[in-house]
Structure formats: structure tokens, C-alpha cells
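Encoded as C-alpha cells, the structure appears first; notes follow it.
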Amino acid sequence: MKVLVTGGCGFIGSNYLHYVVNKYPEDEFVCIDALTYAGNYHNLAPVLDKPNFRFVKLDITDREGVDRLFATEKFDWVINFAAESHVDNSIKNPGIFVKTNVMGTQVLMDASLKHDVKRYHQVSTDEVYGDLPLDRPDLLFTEETPFHTSSPYSASKGGADLLVLAYMRTFKLPATISHCSNNYGPYQFPEKLIPNTIEKALREEKVPVYGKGENVRDWIHVYDHNVGVDMIMHEGKIGETYNLGGNAERNNLTIVKTILAALGKSEDLIEFVTDRPGHDLRYAIDSSKAERELGWSRKYDFDEVIKETIDWYVNHKDWIKDIKSGEYRNAYEG
Ligand code: NAD
Ligand code: TYD
């Protein structure tokens with residue numbers, strides 16, 4: 001079987017490849033990535049020498065390039081991780097989010113239909129469901145929760161998901177969709193809350209907390225997310241959507257304080273800064289469908305493994321240094 005994984009130089013896609021390339025030595029994996037600022041070729045190091053892995057630098061919005069690749073490779077499965085993924089960037093520059101997240105998804109689906117791909121999977125986010133109130137812990141996002149997006153990022157991901165649903169119904173694209181909550185783990189670009197806090201704290205710089213730090217996210221280890229995606233590929237039913245959550249709701253201030261304590265740094269580093277416009281209050285996922293129908297369960301408990309994730313960044317200072325200096329952009333010479 002031949003599998004296309006897009007966005008494999010990013011955080012979640014690279015962790016996915018580390019998992020599946022080793023787990024399925026009989027399958028061939030091709031990764032395409034445009035190597036945007038968020039794509040780091042070094043993230044592929046653990047799989048680069050594997051005989052069942054290959055990297056091709058390609059933008060998912062490049063219709064002709066994508067069509068040519070599909071015609072040559074004849075993929076059985078396509079898993080789309082590629083996206084512009086940072087909410088703050090989407091507020092500054094929404095256009096690239098529409099282009100990559102919506103139009104790129106369309107390009108991949110058109111190629112999948114034309115070249116008889118047996119399964120297309122769209123990796124999406126819980127942010128398409130909007131947010132939940134802080135004072136109603138009983139409310140969780142289910143697969144039936146209507147889309148109610150707040151940021152250009154979530155709107156572009158929701159737009160892409162709606163397009164996937166339309167391609168399934170109108171053109172019979174054999175597809176599935178997953179909505180996951182906030183991921184943590186190794187290789188996350190240091191623009192996101194957890195690696196950004198670790199990186200700044202290690203350098204004794206002020207750590208920005210938006211607003212009062214009350215906003216709640218449901219944190220899942222990237223490994224558990226990727227096991228869920230793999231189970232959807234193998235056990236999931238075409239046409240279905242699955243939610244994957246961490247069952248670990250924490251507000252941002254708690255996350256930041258946890259990191260500072262683990263690093264032995266003072267809480268004086270915390271700096272409350274102007275809130276993000278349209279800032280979603282709370283995300284929380286009901287994963288019972290994936291648990292019931294796929295037998296998915298989480299291996300990692302947030303409080304037990306957050307220290308391991310913090311240690312990963314402490315032990316990979318060169319990885320962060322390369323990103324901060326811009327050196328990582330020279331990693332791919334192909
Ligand atoms: P990321 O920003 O770390 O990685 C994105 C990758 O996509 C990068 O390697 C980048 O170079 C590549 N890319 C961007 N535009 C491209 C294009 N036009 N063509 C080809 N490649 C392109 O993102 P991530 O955190 O790994 O997220 C991966 C997916 O998971 C995204 O679809 C995101 O919406 C979704 N998701 C993320 C989270 C999270 O907590 N990070 C949670 C739920 C869902
Ligand atoms: P982020 O990691 O950007 O993920 P998302 O916005 O997709 O949930 O942010 C997580 C939360 O942390 C979000 O409520 C915004 C907040 N935040 C901060 O308070 N400070 C920061 O420096 C960052 C990057 C985020």
C-alpha cells in the first residue's frame with residue numbers, strides 16, 4: 001500500500017510519520033510539504049533513512065504538481081495534515097489560511113478523485129465547533145455540534161471540512177474527518193503556548209499570557225492523536241467524522257505555571273498581555289464515539305507526561321536554536 005502524508009515536516013505530521021513508517025514496514029510512505037516557516041526538514045530525521053519513506057517538496061495548492069505526483073505514484077491513501085495552523089497568524093494574514101487550508105484541500109481531493117484514491121483523510125480541529133462557556137463543565141463538543149467558528153484559522157479549517165463533506169456526498173469521495181483538541185509533545189513549533197513558554201522561560205524572558213489566562217484548552221499528547229488517526233484509517237467507516245480529545249482541560253495560566261515550576265523558574269516571568277481578538281474561551285471534546293466504535297483510548301495522562309515533553313525541549317536546545325536563528329530553513333537541500 002502507498003500512503004501520501006501531507007504536512008509531514010510540521011509538528012503532528014512528523015510525529016505521525018515517526019509512528020507509522022516503523023509500524024508498517026510493508027507500506028510505502030511519501031511525505032509532501034511546502035516547507036513553510038512551520039515546516040522543519042530536520043523533523044523527518046528519524047525516518048529519512050527508512051527504505052519505505054520518501055520526501056517530496058511540494059505545495060498542496062500547486063494543482064499541476066499535485067496531479068503529476070498522484071499520476072506517477074498512484075496513492076492508495078491520502079492523509080492531509082498540511083495547513084497553516086496558528087490562530088494569531090490567521091488574525092494578521094487570513095488570506096494564506098484560505099489558500100492552503102481550503103483551496104489546498106480541494107486540490108488534494110480533486111487529485112484523489114481523478115486518481116482513484118481509496119481513502120482520503122482530513123485532519124481537522126475542535127476549533128471548528130467554536131467555544132464553550134467556562135461555567136458549564138457539562139458541555140462538550142460532539143460530532144453533532146454545529147460549526148461556529150471564531151478565527152480565520154478555524155473558519156478555514158471548517159470551510160475545508162464542509163468541502164470534504166460536499167465531496168463525499170456529491171462526488172462519492174471515500175473520506176473521513178477527525179477533529180482533535182490541542183496537542184502537546186515533541187517537535188511543536190515554538191509559536192504555540194507550550195513550546196513558546198518553555199523556550200522563553202529557559203532564556204529567563206517574559207512569558208506572555210493572553211488576557212487573564214482563564215481560557216481553557218483540552219490537551220492531548222500528539223502520540224494519542226496520531227494513534228487515533230491511524231485507527232480511523234484502519235478501522236474507521238468511510239463518511240464518518242471522529243472527535244479525539246485529551247480529557248485534560250486546563251486553563252492557560254495553569255499550563256504556564258506548571259511549566260515554570262517544572263523548570264524551577266519564577267512566576268515573576270509571567271506577563272499578562274493584551275488578549276487575542278475573538279479569543280475562544282473553552283474547548284472540550286467528547287471522544288466517546290472513537291472509543292466506542294474504534295476502540296481508541298489514550299495512553300498518556302497530561303499530569304504524568306507533561307514533564308517528559310518539557311524535558312524533550314530542554315534536551316533539544318539545538319532544535320530550538322536552529323529555529324530561532326532561521327538555520328532550519330537551510331536543512332533541505334534537494
Ligand atoms: P504545523 O504548523 O506544525 O505544521 C504544518 C505543516 O504543513 C508544516 O510542515 C508546513 O510546512 C506544511 N504546510 C503548510 N502549508 C503547506 C502547503 N501549502 N503545502 C504543503 N505543506 C504545507 O501544524 P500542526 O500543529 O502539525 O497541525 C497539523 C494539522 O493538524 C493541521 O491540519 C491542524 O489544523 C491540525 N490540528 C492541529 C492541532 C494542534 O494542536 N496543533 C490540533 C488539532 C488539529
Ligand atoms: P495556541 O497554542 O496558539 O493554540 P490555540 O490558539 O490553537 O488553542 O494557544 C493556546 C492558548 O494559549 C490560547 O488560549 C492562547 C493562549 N496563549 C497565550 O496565553 N500565550 C501565548 O504566548 C500563546 C502562544 C498562546
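Residues take their numbers from the sequence shown, with the count starting at 1. Order of listing sets the numbers, starting from 1, for every ligand and every atom in it. None of the values given here were measured: they were computed from a predicted structure.
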In the protein, what heavy atom is nearest to [atom], and what distance, to one decimal place, separates them?
atom: atom 37 (C) of ligand 1; value: Ile12 CD1, 3.4 Å
atom: atom 28 (C) of ligand 1; value: Phe81 O, 3.3 Å
atom: atom 30 (O) of ligand 1; value: Val123 CG1, 3.5 Å
atom: atom 2 (O) of ligand 2; value: Leu193 N, 2.9 Å
atom: atom 14 (O) of ligand 2; value: His279 NE2, 2.6 Å
atom: atom 23 (O) of ligand 1; value: Ser85 OG, 3.3 Å
atom: atom 42 (C) of ligand 1; value: Ser181 O, 3.3 Å
atom: atom 7 (O) of ligand 2; value: Glu127 OE2, 2.6 Å
atom: atom 13 (N) of ligand 1; value: Thr36 CG2, 4.0 Å
atom: atom 20 (N) of ligand 2; value: Pro208 O, 2.9 Å
atom: atom 44 (C) of ligand 1; value: Ser124 O, 3.2 Å
atom: atom 6 (O) of ligand 2; value: Arg276 NH1, 2.5 Å
atom: atom 21 (N) of ligand 1; value: Ala34 N, 3.1 Å
atom: atom 25 (C) of ligand 2; value: Tyr210 CE1, 3.6 Å

Who gets closest to atom 16 (C) of ligand 1 by heavy atom: Thr100, Val107, Asn89?
Thr100
Do you see a donor-acceptor pair shorter than 3.5 Å between the side chains of [X] and [Y]?
X: Tyr332; Y: Asn40; value: no
X: Ser85; Y: Lys192; value: yes
X: Asp286; Y: Thr142; value: no
X: Thr125; Y: His179; value: no
X: Glu84; Y: Tyr153; value: no
X: Asn215; Y: Tyr283; value: no

For ligand 1, which is the ligand I care about here, please tell me if [X] has any N or O atom under 3.5 Å from one of the ligand's N or O atoms.
X: Lys157; answer: yes
X: Phe189; answer: no
X: Lys192; answer: no
X: Cys180; answer: no
X: Thr125; answer: no
X: Ile60; answer: yes
X: Asp33; answer: yes
X: Asn183; answer: yes

Other residues, nucleotides and ligands only: do more than 12 of their heavy atoms fall within 6.0 Å of [atom1] on [X]?
X: Met233; atom1: CE; value: yes
X: His316; atom1: NE2; value: yes
X: Lys206; atom1: NZ; value: yes

With a cutoff of 4.0 Å, is Asn101 in contact with ligand 1, counting heavy atoms of the residue only?
no
So, 4.0 Å and heavy atoms of Asp59: is ligand 1 close enough to count as a contact?
yes
Option among Asn243, Asp161, Thr241 that satisfies the side chain to side chain donor-acceptor pair (under 3.5 Å) test with Ser124
Asp161
Atoms of ligand 1, numbered as shown, that sit under 4.0 Å from any heavy atom of [X]:
X: Asn182; result: 40 (O)
X: Cys9; result: 9 (O)
X: Ala38; result: 2 (O), 8 (C), 9 (O)

Run through Phe81, Phe11, Tyr187 and flag the one making a ring pair (Phe, Tyr, Trp, His ring centres under 6.0 Å) with Tyr16.
Phe81
Considering only heavy atoms of [X], which atoms of ligand 2 have at least one such atom less than 4.0 Å away?
X: Val87; answer: 6 (O), 7 (O)
X: His86; answer: 3 (O)
X: Lys192; answer: 2 (O), 24 (C)
X: Asn196; answer: 22 (O)
X: Val209; answer: 19 (O)

Would Leu4 end up clustered with Ile12 when hydrophobic side chains under 4.5 Å apart are linked, directly or stepwise?
no
Are Met103 and Val78 linked, directly or through intermediate hydrophobic residues, by side-chain heavy-atom contacts shorter than 4.5 Å (ILVMFWY only)?
no
Salt bridge present between Lys289 and Glu240 (N-O < 4.0 angstrom):
yes
Does the Asn43 side chain pair with the main chain of Gly8, one donor and one acceptor, at a distance under 3.5 Å?
no
Please answer whether the main-chain N or O of Glu293 pairs with a side-chain N or O of Tyr242 as donor and acceptor at a distance below 3.5 Å.
no
Residue-level breakdown please: for Glu191 versus ligand 2, do any non-hydrogen atoms fall below 4.0 Å on the side chain, on the backbone, on both, or on neither?
backbone
Using a heavy-atom cut-off of under 4.0 Å, does the side chain or the backbone of Asn182 touch ligand 2, or both, or neither?
side chain
Is ligand 1 under 4.0 Å from a heavy atom in the side chain of Leu58, in the backbone, in both, or in neither?
backbone
Should the proximity of Tyr153 to ligand 1, defined as any heavy atom under 4.0 Å, be assigned to the side chain, the backbone, both, or neither?
side chain
Begin from the C-alpha positions of Val123 and Asn80 and carry the test side-chain contact (heavy atoms from CB on, under 4.5 Å) through to its verdict.
CA-CA 6 Å; Val123 178; Asn80 183 24; 5.8 Å; no
